[in-house]
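Note that the numbering runs from 1 along the sequence shown for the chain.
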Amino acid sequence: MATFSTQDIDQYYETHGDPAHPPVLLISGLGGVGRSWGPQIDRFAERYFVILPDQRGTGRSTRAETGYTTSRLALDMLALIERLGLDSVHIVGASTGGAIAQHLALKRPDLVRSLTLSSSFARFDAFMHREFEIRRKIAAEWDRFDVISAYALFLFSPRFTFEHPDRVADWIEIASSMHPGPGDREIDLERIDMIAAHDTSARLGEITRPTLVLCGDNNHCTPMPLSEELAREIPASELVVFQDAGELIEIEQSERYFEVVSSFIDRHSEGN
């Protein structure tokens, strides 16, 4: 556990696993807190050197008033990689984390060994614009527990919620208490505006690093066509679809998720 100063914030991060193993940077979704990767942290740490940041404005990083763009957050991540003295890393980005990861691969491809974009997007389509207009109103007006309860409707597939209602209820409890603090509502709104403004669609062809695109076929948050666009436009990419899964495939199908991602990472770790 450590913090360091970069771009007018104190960036909090954790490392897990053996530094001699291939480094993997796990970038979380819209909530921004590294610990939201849950049990995947220990899974990855058994085989890799895991780097786990809290993004600007979340967790134990500074609640900055400004700087909320996916490009700016990518610079925060680049500073962290450089601070750790790593030549390059494998990046696994979930949803918003995948948007940030795209900028990393565009800004500094030399620092990226491989890129995994999980339930992510290059830009909002009409569906996501309508979805986040609603989510922004909810985030502005409701208390945090009710906000997270509503988000669960977008994030988990109906089948997973039907089969595992207790796990969804536990997720709501944990997520709603994960980073309460002064100014959080305003920061949540800034971060929603940040991802609504994200657009790398015109530059996807410039991403040259090996890329794995993952999506659940019942994703009602960042739907399948957005992952298909990523896989179609990024030259060195492959698409894996998780059946009967929603946005949070790393939770819904945790074992298969790790198998698919670790296999991809291992293929691109040889000789590194």
Report task. Run the numbers on S177 and F145 for side-chain contact (heavy atoms from CB on, under 4.5 Å), then give the verdict. Result -> CA-CA 8 Å; S177 63; F145 181 86; over 6 Å; no
Query - Working for side-chain contact (heavy atoms from CB on, under 4.5 Å), residues I195 and F132 - result: CA-CA 9 Å; I195 60 170; F132 276 89; 3.7 Å; yes
**Report entry** R232 atom CZ, over 12 foreign heavy atoms within 6.0 Å
**Finding:** yes
Report task. Report the C-alpha separation of R185 and E141 in whole Å, then their side-chain angles, then the decisive distance to 0.1 Å, and conclude whether the salt bridge (Lys or Arg N to Asp or Glu O under 4.0 Å) test is met. Result -> CA-CA 9 Å; R185 188 185 298 272; E141 298 172 5; over 6 Å; no
Requested in this report: Walk me through it: do L111 and V89 pass the test side-chain contact (heavy atoms from CB on, under 4.5 Å)?
Outcome: CA-CA 6 Å; L111 292 181; V89 300; 5.8 Å; no
Query raised in the report: Looking at E163 and R159, does any basic side-chain N land under 4.0 Å from a carboxylate oxygen?
Result: yes
Report task. May I have the step-by-step check of side-chain contact (heavy atoms from CB on, under 4.5 Å) for I81 and R108, ending in yes or no? Result -> CA-CA 11 Å; I81 295 169; R108 291 292 305 273; over 6 Å; no
Query raised in the report: Does R63 come within less than 4.0 Å of E186, counting only side-chain N to carboxylate O?
Result: no
Query raised in the report: How long is the span from the CD1 atom in I192 to the CD atom in E190, to the nearest 0.5 Å?
Result: 10.5 Å
Query - Distance under 6.0 Å and angle within 45° of ring axis: R167 vs F160 - result: no
Requested in this report: May I have the step-by-step check of salt bridge (Lys or Arg N to Asp or Glu O under 4.0 Å) for R136 and D188, ending in yes or no?
Outcome: CA-CA 9 Å; R136 196 182 194 285; D188 286 347; over 6 Å; no
Query - Derivation and outcome, salt bridge (Lys or Arg N to Asp or Glu O under 4.0 Å), residues E133 and R130 - result: CA-CA 5 Å; E133 284 174 7; R130 286 197 297 272; over 6 Å; no
